[in-house]
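What follows is a short report on a single structure.
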Amino acid sequence: MMNIMNLYIQEVVRRLPEKGREDIALELKSTIEDMLPDEYSEQDVKAVLATLGNPRDLANNYLDRPKFLIGPNYYDVYMNLLKMIIPIAAIISMSSVITNHVISYNGEEALLNLIFEIVGLGIWQGISVSIQVFFWLTITFAIIERVDPNVKYATMTGKEWTPDDLKLMPYVEAENRIPVSEIFLGLLWTAIWGSVYFTASQLIGIYQSSGDKLEFITPTFNQEILLSYWPFVALLIGMEIVISTWKYCIRHWTMKLATFNSLYHLLATVIFIVIVSNPNLITPTFIEYFTNMFSADNGWENWIRPLSIFTFIVFAGVDALSGYRKAKKVKKLKLD
């Protein structure tokens, strides 16, 4: 009987801001216990929970805020994704502005003017990207809100909510929940490596100090080769965004999520092997410069490739297996 009560409380507080969850959970538990008779049965608990209503609606009452364009089914996810994605997009946008100006700086322009230009353009780019993220995310959720056939219902079953619907929800211990920080870092990593991939020839290479400035000598990678695989890379970026969004929506690992994560790693491994195996990936000028600078043996790039592939496979395998291991820890309670 405590299990169904704990599930109900979990479904309410997970929709609330983290800083107030513990206090509201204790308050709600006390309220439920006060509504129960001294010697109560499971049916009494269900009757009280039915009186309190759908956990989502009760959470909305605690929040006490109007929701119009984006309804209660998606409003919390929408707002939290905005808070998560906009800072990442703005930071990446401003970072690209700073990087481009630093690399192209030839020392002729006054340093103070350069700083003002970077700050002004960086802020403008950050605002512009933030507006675009806000617009497209809002449009996406507004469309979902209107095409989802179950949006008007209180439960996933399409019927009026009852305590028995809690049987569909897994009870997740605190240590098995996916922290928001992990999701945020995942999205940030996606934005960083995606940006670097499509501008690799401008960022990754040999730098040399020349007087009071840093001169870019030669790029490491052939940008034309990298861009020739852009549809596959874009697919991987999309899959990473789906995984992060999925994690945020359910906040715990499931077998379906773990399987999708494994599929992503399998596809990413195949694409990585294909790209790294391309003999023209590393520029000849970089190979020559690196060989002369470090007195490396000719053909050093031939052992770098298999080492990179092996390392990638190890990390991909560990992450895929970790997803299944975490999913097995989350079990659905059987409420008979």
Legend entry - F260: partners by ring-ring contact (aromatic ring centres under 6.0 Å, His included), with sequence neighbours left out: W246

Legend entry - Among L188, I178, L187, side-chain contact (heavy atoms from CB on, under 4.5 Å) partner for S244: L187

Inset, instruction - Return yes when atom CZ of F232 has more than 12 non-hydrogen atoms of other residues, nucleotides or ligands closer than 6.0 Å, and no otherwise. - result: no

Legend entry - Rounded distance [0.5 Å steps], CZ in F221 versus OG1 in T199: 12.0 Å

Legend entry - Partner residues of D44 under the side chain to side chain donor-acceptor pair (under 3.5 Å) criterion, sequence neighbours left out: S41

Legend entry - Distance-only polar pair, side chains of N261 and Y324, donor-acceptor under 3.5 Å: no

Legend entry - Donor-acceptor contact present, side-chain R305 to main-chain N278, <3.5 Å: yes

Legend entry - N/O donor-acceptor pair under 3.5 Å between S128 side chain and Q125 backbone: no

Legend entry - E11 side chain to R56 backbone, donor-acceptor under 3.5 Å: no

Legend entry - Spacing of T285 atom OG1 and I206 atom CD1 [to the nearest 0.5 Å]: 9.5 Å

Legend entry - Contact summary for F198 and I237, nearest pair of heavy atoms: CE1-CD1, 4.1 Å

Legend entry - Heavy atoms from other residues, nucleotides or ligands near CH2 of W193 exceed 12 (cutoff 6.0 Å): yes

